[in-house]
Amino acid sequence: MSDSRTVLISGAGPSGLVMALTLLQNGISVRVIDRISQFQVGQRGAALSPRTLEHYKLLGCLEDVQKAGPILHTLVLYDEDGVTRKREMPMFPIEDNTPAAPYRNVLVLGQDRHEALLRRHLAKFGVFVELGTELLDFEQDEDSVTATLCKTNAVGETVEGTSTFKWLVGADGATSFVRKKLRLSFLGTCREAENFVIGDIYIKDLENKLDQKIWHVWGDASRKMASLRPYEIPGDDRCYYFGGGLEADRDLISSSREEFIKSFYEVSGRTDIEFGDLIYLRPYRPNIRMVDKFGSGRVFVAGDASHVHSPTGGQGMNTGVQDCMNLGWKLAMVEKGLAPKTFMESYTHERLPVVASMLDQTTALLNKTFGRTPDNFDGWKRGYELRQFGVNYRGSPIIVDETPSDASEIVDPYRSGNDGTVRGGDRAPDAPGLISVGQPSDKYLSALFDIFGPTHHTLLLFSDDKEKQFAILESVKKYPANILKRVVVLSENTDIKSSDLPAELVFKDKDGYAYQNYAIKSRTLDTVVVRPDGVIGALVSGVDGLKTYFDGIFTPDVEKVASSLKSLTI
Ligand SMILES: Cc1cc2nc3c(=O)[nH]c(=O)nc-3n(C[C@H](O)[C@H](O)[C@H](O)COP(=O)(O)OP(=O)(O)OC[C@H]3O[C@@H](n4cnc5c(N)ncnc54)[C@H](O)[C@@H]3O)c2cc1C
Ligand SMILES: *[C@@H]1O[C@H](CO)[C@@H](O)[C@H](O)[C@H]1NC(C)=O
């Protein structure tokens with residue numbers, strides 16, 4: 001039976017939910033299923049990277065996230081006696097926000113609350129996760145994917161049936177059926193020796209026992225360690241627990257509440273801490289694996305389905321969010337006929353090097369965490385790159401960058417975007433203080449992050465030169481505003497007071513941040529295209545470069561297709 005919805009998303013963890021939200025904003029209908037019968041509890045992957053926050057700005061859920069999630073706790077490591085502070089350090093040092101990066105700190109938001117928040121945003125589109133619905137099988141052909149679904153109702157009866165969709169996204173976690181069915185390789189290692197136990201538990205009289213703003217750590221993982229991080233909700237009496245170590249027995253510790261408590265007292269000496277109910281407790285064995293391809297035909301994988309790794313570094317959930325940001329707009333463009341199907345290959349091209357680098361870094365941290373050097377705290381230190389600002393697609397075949405090439409340049413997929421050289425494939429920086437020119441709202445100030453959006457490309461033309469402005473704008477006139485927003489950014493010194501330019505927006509860069517953050521003054525490249533996922537797609541000097549970029553993305557008849565879609569999108 002043909003389903004009225006376009007994309008089936010299997011799995012409603014953070015990846016599946018972000019995938020759904022991105023597609024819905026692009027006007028693509030989705031069906032989101034999960035085989036579990038009740039939503040997951042527990043905090044698990046709770047650290048939100050600044051790059052994820054920027055994606056949430058694009059998706060319109062940042063404000064809610066900021067309200068719910070404070071800056072990640074400071075870490076305190078205790079001495080043998082369990083109470084003397086041996087070391088105190090923020091995992092991610094707190095940074096001041098800047099005009100280029102208005103959200104620079106890592107936030108903490110329990111995964112259960114995070115997922116609930118995303119579901120509330122889906123509900124605004126009338127989309128609800130279908131629980132108790134398992135993807136059992138699928139077949140695909142040139143035009144569609146037929147899925148076999150098994151639905152279990154409230155009294156445990158099951159109904160099996162098939163539904164046909166245009167696309168399938170497997171956001172179905174580490175054991176992904178979609179990945180297995182596609183026969184994607186999932187190479188890597190399993191680290192048997194490193195024992196982790198992860199869980200959540202109530203603590204009696206928490207506020208008098210443990211400072212809520214601190215992540216408390218006893219022992220160390222080269223032998224045995226235990227840690228408690230109070231929930232980020234003020235006054236709550238639950239804690240996230242993370243423990244284990246080379247000499248710990250994860251299966252024993254996670255076998256019962258009593259065994260857990262015994263091991264906690266042994267490691268911490270804090271027998272004054274009384275525990276309430278256990279919420280859940282699980283052994284956790286770091287598997288370090290990734291796919292060699294993020295999909296095939298009309299079926300893709302994202303999130304833990306495509307990469308699993310050590311939780312050290314808190315990159316997992318964040319990387320899943322970014323997979324979906326990369327995949328979402330591409331899938332929407334192809335589905336609408338704006339880009340050819342082969343365009344989907346860029347999803348693998350762009351994510352593969354980033355994920356490989358991520359695995360390397362989380363593994364290095366895992367090694368340090370379990371390293372047998374006395375007083376080695378390196379495993380708890382989080383490098384700046386783990387904020388993910390530097391994650392880039394510089395090597396991608398769909399990126400156009402006319403910067404004179406330097407053969408000796410090495411691209412680091414996780415760091416190169418951090419060095420201040422803004423390049424094609426990098427994160428597009430923000431810039432506040434833009435005054436709109438020649439419009440009634442002359443005094444109104446905007447920031448670039450308010451102008452970028454998940455459904456359209458944004459052209460930023462940094463020029464006061466009338467001839468140049470008209471030449472560039474003329475060359476992209478054929479793209480309707482629903483797929484390309486044209487923005488002219490005049491320099492802070494401009495004396496142009498009104499505008500007759502054929503652009504959606506004309507700004508004066510009042511404080512000079514836009515020119516500075518895009519390093520415009522130091523080069524001849526003044527034409528930038530920002531993709532719907534907030535990445536610089538093109539950095540060029542003029543009409544030819546722009547044409548190369550758009551020809552590499554859009555189908556030749558894009559004008560016709562886009563105009564017919566006009567009524568569909570915002
Ligand atoms: C026990 C545990 C502890 C963790 N602790 C940490 C931590 O401390 N720090 C950290 O950063 N990360 C941690 N992680 C990892 C983090 O939770 C994941 O990176 C994150 O959940 C990935 O999101 P996802 O949406 O890709 O996959 P998941 O959250 O795994 O979601 C996948 C969903 O797909 C569903 N599903 C699977 N198969 C099917 C099917 N055939 N049909 C329908 N639905 C299906 C599952 O029920 C599940 O809800 C932990 C993970 C686990 C399991
Ligand atoms: C981590 O340790 C393993 C085994 O000791 C080693 O093979 C691997 O190269 C190390 N990885 C990193 C990234 O440090």
Side-chain angles (χ1 to χ4, degrees), residues 8-20 31-49 106 108 110-112 114-115 118 129-138 147-152 168-181 189 191 193-194 196-200 227 229 240-244 254 280-288 301-324 356-372 378-379 386:
L8 174 65
I9 298 172
S10 181
S15 304
L17 297 169
V18 168
M19 191 69 221
R31 180 169 177 190
V32 190
I33 61 164
D34 201 299
R35 66 180 171 194
I36 50 179
S37 56
Q38 278 180 337
F39 293 119
Q40 303 266 17
V41 293
Q43 295 237 316
R44 299 198 283 155
L48 270 63
S49 81
V106 174
V108 57
Q111 194 169 323
D112 46 0
H114 179 190
E115 291 175 6
L118 292 170
V129 173
E130 283 175 59
L131 292 177
T133 308
E134 183 168 5
L135 175 68
L136 291 184
D137 202 2
F138 65 87
T148 307
L149 302 178
C150 178
K151 237 178 142 63
T152 307
L168 165 64
V169 177
D172 46 357
T175 59
S176 175
F177 168 75
V178 174
R179 179 187 72 229
K180 289 173 191 156
K181 172 85 185 186
T189 53
R191 301 274 290 251
E194 281 94 352
F196 284 125
V197 179
I198 286 170
D200 290 57
S227 78
R229 175 174 56 67
Y240 163 82
Y241 164 82
F242 179 79
S254 58
Y280 85 96
L281 196 62
R282 262 185 244 171
Y284 190 73
R285 193 176 47 197
N287 259 304
I288 302 162
V301 286
D304 277 19
S306 51
H307 42 80
V308 293
H309 37 86
S310 159
T312 45
Q315 300 294 287
M317 177 274 298
N318 293 295
T319 302
V321 168
Q322 285 158 49
D323 292 339
C324 295
S357 174
M358 186 267 289
L359 252 54
D360 237 26
Q361 297 179 61
T362 53
T363 307
L365 280 173
L366 178 72
N367 286 0
K368 282 182 189 161
T369 303
F370 285 90
R372 281 190 194 269
D378 287 356
L386 297 182

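Whatever order the structure lists them in is the order used to number ligands and atoms, beginning at 1. In this text the structure is predicted, and so the values were computed from the model without any measurement.
- Listed by number with element, the atoms of ligand 1 under 4.0 Å from a non-hydrogen atom of G11 are 33 (C), 34 (O), 35 (C), 44 (N).
- For D112 (side chain) and Q40 (main-chain N/O), no donor-acceptor pair under 3.5 Å exists by modelled atom type.
- Looking at D172 against ligand 1, both its backbone and its side chain come within 4.0 Å, counting heavy atoms.
- Distance screen at 4.0 Å: atom 2 (O) of ligand 2 has a protein heavy-atom neighbour inside the cut-off.
- Residue-ligand proximity: L136 is placed with every non-hydrogen atom at 4.0 Å or more from ligand 1.
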Checklist entry - Where do L8 and R31 land on the side-chain contact (heavy atoms from CB on, under 4.5 Å) test, with the steps shown first? => result CA-CA 5 Å; L8 174 65; R31 180 169 177 190; 4.2 Å; yes
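- Less than 4.0 angstrom separates some heavy atom of A171 from each of these atoms of ligand 1: 32 (C), 33 (C), 34 (O).
- Proximity annotation for atom 41 (N) of ligand 1: of L149, L135, L17, V129, L135 comes nearest, heavy atoms only.
- Taking each of V321, I9, D304, N318 in turn, the one with a heavy atom nearest to atom 22 (C) of ligand 1 proves to be D304.
- Of all atoms in ligand 1, numbered sequentially from 1 with element shown, those under 4.0 Å from a heavy atom of G303 are 26 (O).
- Within a 4.0 Å radius of atom 11 (N) of ligand 2, the protein has at least one heavy atom.
- Taking any N or O of N367, backbone or side chain, at least one lies under 3.5 Å from an N or O belonging to ligand 2.
- Residues passing the side-chain contact (heavy atoms from CB on, under 4.5 Å) test with T363, sequence neighbours excluded: R191, I288, N367.
- Distance alone, capped at 3.5 Å, places no donor-acceptor pair between the N287 side chain and the V308 backbone.
- The T133 neighbourhood of ligand 1 comprises atoms 43 (C), with distances under 4.0 Å to a heavy atom of that residue.
- Heavy-atom distances between G320 and ligand 1 stay at or above 4.0 Å for every pair.
- Of the candidates Q111, Q315, M317, the one placing a heavy atom closest to atom 17 (O) of ligand 1 is Q111.
- With hydrogens and angles ignored, the 3.5 Å screen pairs no side-chain donor or acceptor of D137 with any backbone N or O of T148.
- Here the CE-CD distance, from M317 to E115, works out to 9.5 Å after rounding to the nearest 0.5 Å.
- In terms of protein heavy-atom proximity, atom 49 (O) of ligand 1 is nearest to D34 OD2, 2.6 Å.
- For ligand 1, the atoms sitting less than 4.0 Å from at least one non-hydrogen atom of G314 are 11 (O), numbered in the order shown with element in parentheses.
- At a heavy-atom distance under 4.0 Å, no atom of A46 approaches ligand 1.
- The closest side-chain heavy-atom distance from V108 to R229 is below 4.5 Å.
- An N or O contact shorter than 3.5 Å is missing between E115 and ligand 1 by distance.
- Summarising the geometry, atom NE2 belonging to H309 is positioned 8.0 Å from atom CD belonging to Q315; distances are rounded to the nearest 0.5 Å.
- Not a single N or O atom of F242, backbone or side chain, sits closer than 3.5 Å to an N or O atom of ligand 1.
- Under a 3.5 Å cut-off, the side chain of R179 and the backbone N or O of A174 do form a donor-acceptor pair.
- Between the S10 side chain and the G170 main chain, no donor and acceptor come within less than 3.5 Å of each other.
- Ligand 1 places these atoms under 4.0 Å from at least one heavy atom of G316: 19 (O).
- Atom 44 (N) of ligand 1 has as its closest protein heavy atom R35 N, 3.1 Å.
- For the side-chain contact (heavy atoms from CB on, under 4.5 Å) test, residues two or more places apart in sequence or in another chain that qualify with A20 are I9, V30, V32, L122.
- With hydrogens and angles ignored, the 3.5 Å screen pairs a side-chain donor or acceptor of K180 with a backbone N or O of T175.
- Contact analysis puts Y284 in contact with ligand 1, with a non-hydrogen atom separation below 4.0 angstrom.
- Every atom of ligand 1 with a heavy atom of S10 under 4.0 Å away is listed here by number and element: 40 (C), 42 (N), 43 (C), 44 (N).
- Using cut-offs of 30° and 60° on the angle between ring planes, the pair F196 and Y284 is tilted.
- For R282, every heavy-atom contact with ligand 1 shorter than 4.0 Å involves the side chain, none the backbone.
- Within the set G45, A12, S310, the minimum heavy-atom distance to atom 12 (N) of ligand 1 is found for G45.
- Residue Y240 has at least one nitrogen or oxygen atom sitting less than 3.5 Å from a nitrogen or oxygen atom of ligand 1, judged on distance alone.
- Using a distance-only test at 3.5 Å, with no hydrogens or angles considered, no donor-acceptor pair links the side chain of D323 to the main chain of S15.
- In terms of protein heavy-atom proximity, atom 13 (C) of ligand 2 is nearest to D360 O, 3.5 Å.
- In this structure, the side chain of S254 does not engage the main chain of L281 through any donor-acceptor pair within 3.5 Å.
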